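Being a predicted model, the structure only gives us computed values, none of them experimental.
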Amino acid sequence: MQRIRLNTATEVLASIPTMLGFIPTASVIVIMLKDEIVDGRTTKQIALVARTDAATGEGAEFDPAPYLEAASRAEATATICVAVAEDAAAVIALDQIAILRQGFRDAGICDMLALHVTALEAGALWTDLDTYATGLTEDPNASTLSIHNAVEQGRTTAASREDIAARYAVTVEADTAPAHAALHAQGPDFVRRTVTELVTLVRTRGNPDAELAARVGLCATISPTARDALLFTANGNEHAAAHVFATIARQVRGNARIQILTVAAYCSYISGDGPSTGITLEAAQAAVIDGNGEHDTPLRNLLDFALEHAVSPAAVTTQLHAIGADAARSFGVDVDNLDS
């Protein structure tokens with residue numbers, strides 16, 4: 001895997017939108033770093049990136065405890081704090097950063113760098129909060145990290161958090177009649193055929209049509225085990241799978257939408273895309289509320305807990321990929337060949 005080095009404040013700021021998946025405004029961002037030995041030398045690597053609205057905590061004392069807990073779980077040894085805000089929001093953000101920095105120092109975590117910038121766009125002025133050195137930000141879409149993600153992983157940065165949420169908004173509902181007819185005709189073989197076809201689609205980075213979306217949605221509602229079999233499709237193709245399930249979630253309703261959004265959240269989580277995971281889980285929770293609390297799933301609650309407590313994507317992958325593979329195998333999916 002290619003290592004992307006961030007050596008200057010300008011490079012750090014330009015990379016933040018790619019790290020988050022969208023361009024933040026009125027925000028406090030904490031980049032947590034941990035030690036890594038490379039070629040016999042101790043270097044820092046990014047362990048976790050956290051963001052909160054600058055308005056959070058307004059009128060009340062800002063609580064740094066969740067960030068300190070996350071830093072401990074991530075084994076962070078250093079932090080970079082960034083305020084992206086202007087006017088009244090900047091005052092709040094800078095107060096929050098002061099509290100966070102003191103908390104990290106008290107916990108024995110190196111307070112490496114703290115920056116303020118009005119906006120993460122080309123030409124905005126940034127300021128080092130310790131030295132008062134200044135500089136101009138660069139276009140985030142032209143950063144080395146952004147270009148690498150676009151070329152190597154097909155990932156692009158959304159203009160805003162709302163743009164990510166729009167990826168999960170409902171669109172024209174897929175006709176479920178053909179899916180039910182396929183289930184009736186194929187019987188026990190329905191899940192195997194659906195999962196196998198979906199694996200091929202994900203690996204070729206295709207877009208699911210309405211017919212497949214309806215079948216996948218139906219598959220997700222047959223049983224928890226059939227839903228878990230869909231988790232298997234993400235192995236090694238997490239970003240593509242997240243896109244596919246987001247597209248499917250837009251076309252299905254009710255319990256199917258809840259289950260597919262939960263699978264999409266899993267795909268985003270194991271790909272390291274925390275913001276998309278959070279937004280997807282919010283959409284799933286809204287669907288649960290719309291359904292009067294029916295069809296909620298322990299998997300959604302597990303992912304919500306993992307996100308809140310900054311559980312590493314690797315740990316989630318280890319636990320849930322095995323479950324997905326076993327579930328797929330139980331329906332006759334050729335897991336060993338498809339997983340190679």
Side-chain angles (χ1 to χ4, degrees), residues 21 47-49 70 73-75 153 155 167-168 191-192 194-203 205 208 216-249 252 255-285 287-288 295-340:
L48 182 68
V49 181
R73 283 189 295 271
E75 300 180 342
Q153 302 177 358
R155 298 178 64 180
R167 299 173 186 169
Y168 307 97
V191 175
R192 182 191 67 80
T194 301
V195 171
T196 302
E197 182 177 342
L198 194 60
V199 168
T200 300
L201 183 79
V202 168
R203 291 187 174 181
R205 298 183 180 272
V216 174
L218 179 57
C219 179
T221 65
I222 290 174
S223 69
T225 304
R227 189 277 320 281
D228 288 347
L230 297 174
L231 303 179
F232 165 72
T233 65
N235 187 40
N237 297 276
E238 297 85 0
H239 300 299
H243 167 75
V244 166
F245 284 112
T247 304
I248 292 171
V252 296
N255 185 23
R257 178 167 167 81
I258 295 168
Q259 304 303 327
I260 294 300
L261 283 169
T262 301
V263 175
Y266 163 75
C267 297
S268 292
Y269 200 106
I270 64 174
S271 73
D273 189 347
S276 290
T277 303
I279 292 168
T280 312
L281 289 173
E282 288 174 6
Q285 183 179 27
V288 169
H295 308 304
D296 200 0
T297 166
L299 178 58
R300 185 187 71 83
N301 294 320
L302 172 65
L303 292 170
D304 198 44
F305 177 89
L307 184 65
E308 181 180 353
H309 292 82
V311 177
S312 73
V316 173
T317 302
T318 298
Q319 179 179 1
L320 292 182
H321 175 66
I323 291 174
D326 287 344
R329 191 178 286 110
S330 73
F331 288 100
V333 176
D334 190 1
V335 168
D336 295 330
N337 285 330
L338 291 174
D339 206 17
S340 60

### Query
Will you find, in the side chains of R227 and T262, an N or O donor that is under 3.5 Å from an N or O acceptor?
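No.
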### Task
Could you tell me whether D334 and R192 make a salt bridge, using a distance below 4.0 angstrom between a side-chain N and a carboxylate O?
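R192 and D334: not salt-bridged.
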### Query
Does D296 come within less than 4.0 Å of R300, counting only side-chain N to carboxylate O?
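Yes.
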Taking all atoms of both residues into account, what is the closest heavy-atom pair of [X] and [Y], and its distance?
| X | Y | answer |
| --- | --- | --- |
| A226 | I222 | CB-CB, 4.1 Å |
| A246 | Y168 | CB-CE2, 3.4 Å |
| A234 | I270 | CB-CD1, 4.3 Å |
| L48 | A70 | CD2-CB, 3.8 Å |
| V311 | A315 | CG1-CB, 4.0 Å |

### Message
Run the side chain to side chain contact (heavy atoms under 4.5 Å, CB included) test on L261 and F245 for me, step by step, so that the C-alpha distance in whole Å, both residues' side-chain angles and the decisive distance to 0.1 Å come before the verdict.
### Response
CA-CA 7 Å; L261 283 169; F245 284 112; over 6 Å; no
Rounded to the nearest 0.5 Å, what separates atom [atom1] in [X] from atom [atom2] in [Y]?
| X | Y | atom1 | atom2 | result |
| --- | --- | --- | --- | --- |
| T196 | F331 | OG1 | CZ | 12.0 Å |
| T225 | D326 | OG1 | CG | 10.5 Å |
| L320 | Y269 | CG | OH | 10.5 Å |
| L299 | L231 | CG | CG | 6.0 Å |
| T280 | R167 | OG1 | CZ | 9.0 Å |
| D228 | Q259 | CG | CD | 9.0 Å |

### Query
What pairs with H309 under ring pair (Phe, Tyr, Trp, His ring centres under 6.0 Å), at least two apart in sequence or on another chain?
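For H309, the residues satisfying ring pair (Phe, Tyr, Trp, His ring centres under 6.0 Å) (neighbours in sequence not counted) are F305.
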Output yes when a side-chain donor or acceptor of [X] lies under 3.5 Å from a complementary backbone atom of [Y], and no otherwise.
| X | Y | answer |
| --- | --- | --- |
| D304 | L302 | no |
| S276 | D273 | no |
| S268 | A265 | no |

### Message
Checking V316 against L303 for the side chain to side chain contact (heavy atoms under 4.5 Å, CB included) test, could you report, in this order, the C-alpha distance in whole Å, the side-chain angles of both residues, the deciding distance, and whether it holds?
### Response
CA-CA 8 Å; V316 173; L303 292 170; 4.2 Å; yes
### C219 side chain reached by L230 side chain, heavy atoms, under 4.5 Å
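Yes, at least one pair of side-chain atoms sits under 4.5 Å.
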#### Entry: side-chain contact (heavy atoms from CB on, under 4.5 Å) partner of V216, chosen from V252, V263, T247, I260
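Of all the options given, the one that passes is I260.
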